[in-house]
Protein chains: 2
Amino acid sequence: MRSDLWQNGFKKTKQREAVFAVLSNADKPLTAMEICTGAEMCGKGLWLSTVYRVLDLFVQKGIAQRNVLAGGDVATYEINKNEHRHYVVCTACRKVFALEKCPLPKTVHLENFCITGHRLEIYGYCEGCYAKK
Amino acid sequence: MRSDLWQNGFKKTKQREAVFAVLSNADKPLTAMEICTGAEMCGKGLWLSTVYRVLDLFVQKGIAQRNVLAGGDVATYEINKNEHRHYVVCTACRKVFALEKCPLPKTVHLENFCITGHRLEIYGYCEGCYAKK
DNA sequence: ATTGCAAATGCGAATCATACGCATTTGCAA
DNA sequence: TTGCAAATGCGTATGATTCGCATTTGCAAT
């Protein structure tokens, strides 16, 4: 775990560590609910509203990123690795796969706009769902 | 207005025409609420739940597309033009601008996945908001 | 035109994700 | 060890979206 994590002026708590741990071990973006049920809180419960608060903090501090995948209606969160990640979503079964590298050229530039990031999602049918058609 | 629109087996109603008209005249994706208040229903009110139902129908039939722009929590809808569109979002003031052309190379391909589309969003700061920092 | 009926809408209430409020608890600096 | 600001537990509020049902309406058949 990053040792500088808790030195940005905010307190180290079990809840925050738990949320961070779940996000760190995930290979895809997770919903607040998934984080809540997936968290190991040494036997004690972790409240959903706390998860949201922790996530808000992480997003604000740049530790995590929030987004809503295509067609979905719940937000998902992931650790903000500096190399950005993109996902492939099956519109039939809603499974999510990570893309290894960003297919976007590095040269993108815009007039009168300061680009800080981008979001790319590819959607379609995964092998299994395609077969079913 | 497309003349084949109402021949796909569903009824032509004032409400559907109104929603379609608003979406057609928009130059950016709109929320259900914006569509609701923007609709001209010859004096009569248009209910939000009806707007949602009409939008669901349009999405199902491929007439419109639904998405949730980065950082936001409400869905937006737009007419599904065959040439796809992408947007630039200012994370400070939440203004949305359309991108003229897709910067993604046409050659993107994936193993074991049938790509039907993609979604790209660029975010950052618009001129005004950048100046304020 | 009129009729009949399935489909669509008006309207309100339900649901679900997310935010908020406040009393209690907990890190951590002094 | 103590004090206090910050964080959490826990419940409730809010806002977007969906559902249910009685009424209305488009349209095919008469």
Side-chain angles (χ1 to χ4, degrees), chain A residues 1 3-22 29-61 63-77 94, chain B residues 1 3-22 29-61 63-77 94:
Chain A
M1 187 178 306
S3 56
D4 63 321
L5 226 190
W6 312 108
Q7 322 203 162
N8 290 96
F10 59 90
K11 294 180 181 174
K12 172 176 179 167
T13 66
K14 289 188 206 327
Q15 293 82 346
R16 288 173 178 178
E17 288 183 292
V19 171
F20 186 82
V22 176
L30 300 176
T31 65
M33 183 65 85
E34 285 167 340
I35 294 166
C36 192
T37 56
E40 310 248 330
M41 278 279 294
C42 36
K44 307 194 63 179
L46 172 60
W47 280 79
L48 194 52
S49 46
T50 301
V51 172
Y52 276 110
R53 273 187 292 229
V54 172
L55 289 171
D56 283 350
L57 177 76
F58 283 3
V59 169
Q60 236 179 264
K61 298 280 181 183
I63 295 167
Q65 234 186 327
R66 175 197 141 108
N67 45 45
V68 181
L69 292 182
D73 52 350
V74 291
T76 58
Y77 299 82
R94 310 243 86 236
Chain B
M1 187 178 306
S3 57
D4 63 321
L5 226 189
W6 312 110
Q7 321 203 161
N8 290 96
F10 59 90
K11 293 180 182 174
K12 172 176 178 168
T13 65
K14 290 188 205 326
Q15 293 83 344
R16 288 171 179 181
E17 288 183 291
V19 171
F20 186 82
V22 175
L30 300 176
T31 64
M33 183 66 85
E34 285 168 341
I35 294 166
C36 192
T37 57
E40 311 248 329
M41 277 280 295
C42 36
K44 308 194 61 179
L46 172 60
W47 280 78
L48 194 53
S49 46
T50 301
V51 172
Y52 277 109
R53 274 187 292 228
V54 171
L55 289 171
D56 283 350
L57 178 75
F58 283 2
V59 169
Q60 238 180 264
K61 297 280 179 182
I63 294 167
Q65 234 186 326
R66 174 197 142 108
N67 45 47
V68 181
L69 293 182
D73 53 350
V74 290
T76 57
Y77 298 82
R94 311 243 87 236

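Below, chains carry the letters A, B, ... as their sequence lines are ordered, and counting in each starts from 1.
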Only one of A:V59, A:V51, A:V54, A:N67 clears side-chain contact (heavy atoms from CB on, under 4.5 Å) with A:Y77; which?
-> A:V59
Could you state the CH2-P distance from B:W47 to C:dA13, rounded to the nearest angstrom?
-> 10 Å
Can you tell me if the side-chain N/O atoms of B:Q15 get under 4.0 Å from OP1 or OP2 in D:dT25?
-> no
Separation of D:dA7 C1' from A:F58 CZ (nearest whole Å) = 13 Å
For atom CG of A:L30 and atom C1' of C:dT18, their distance in whole Å | 17 Å
Quick one: on DNA chain C, does B:R16 or B:D73 contact a more 5' nucleotide (nearest heavy atom)?
-> B:R16
Would you indicate what B:R53 reaches in the nucleic acid, counting non-hydrogen atoms under 4.0 angstrom: base, sugar-phosphate, or nothing?
-> base
May I ask you to verify if any side-chain N or O of A:T13 is less than 4.0 angstrom from the OP1 or OP2 atom of D:dT8?
-> yes
Base-pairing assignment for C:dG27 (Watson-Crick or G-U wobble, both under 3.5 Å) = D:dC4
Between B:Y52 and A:L46, who's closer to the 5' end of DNA chain D by nearest nucleotide?
-> A:L46
Would you mind classifying the nucleic acid contact of B:T31 as base, sugar-phosphate or nothing, using non-hydrogen atoms under 4.0 angstrom?
-> nothing
Atom-pair distance (CD on A:E34; P on C:dA17), nearest Å = 11 Å
Looking at A:S49, does any N or O in its side chain come under 4.0 Å of the phosphate oxygens OP1/OP2 on C:dA19?
-> no
Which atom names give the shortest non-hydrogen contact between A:V68 and A:A75, and what distance separates them?
-> CG2-CA, 4.0 Å
For the side chain of B:T50, starting at C-beta, report the closest nucleotide among D:dT8, C:dA8, C:dG10.
-> C:dG10
Taking D:dT17, D:dT25, C:dA17 as options, the one with an atom nearest any side-chain atom of B:A75 is D:dT17
Using atom NZ of B:K14 as one end and atom C1' of D:dG26 as the other, report the distance to the nearest whole Å.
-> 10 Å
Write down the distance between CE (A:M33) and P (C:dT15), rounded to a whole number of angstrom.
-> 15 Å
Relative to each other, are the rings of A:F58 and A:F10 parallel, tilted or perpendicular (30° and 60° limits)?
-> tilted
For A:L55 and C:dA17, what is the distance between atoms CG and C1' respectively, to the nearest whole Å?
-> 13 Å
CZ/A:R16 to CG/A:L46 distance, rounded to the nearest 0.5 angstrom?
-> 12.0 Å
Spacing of B:T31 atom OG1 and B:L55 atom CG [to the nearest 0.5 Å] = 9.5 Å
Of all the choices, D:dT17, D:dC27, D:dG9, which nucleotide is nearest to the side chain of B:K11 once you look at every atom?
-> D:dC27
Please report, rounded to the nearest Å, how far the C1' atom of C:dA17 is from the CG atom of A:L48.
-> 8 Å
With both distances kept under 3.5 Å, what pairs with C:dG12, Watson-Crick or G-U wobble?
-> D:dC19
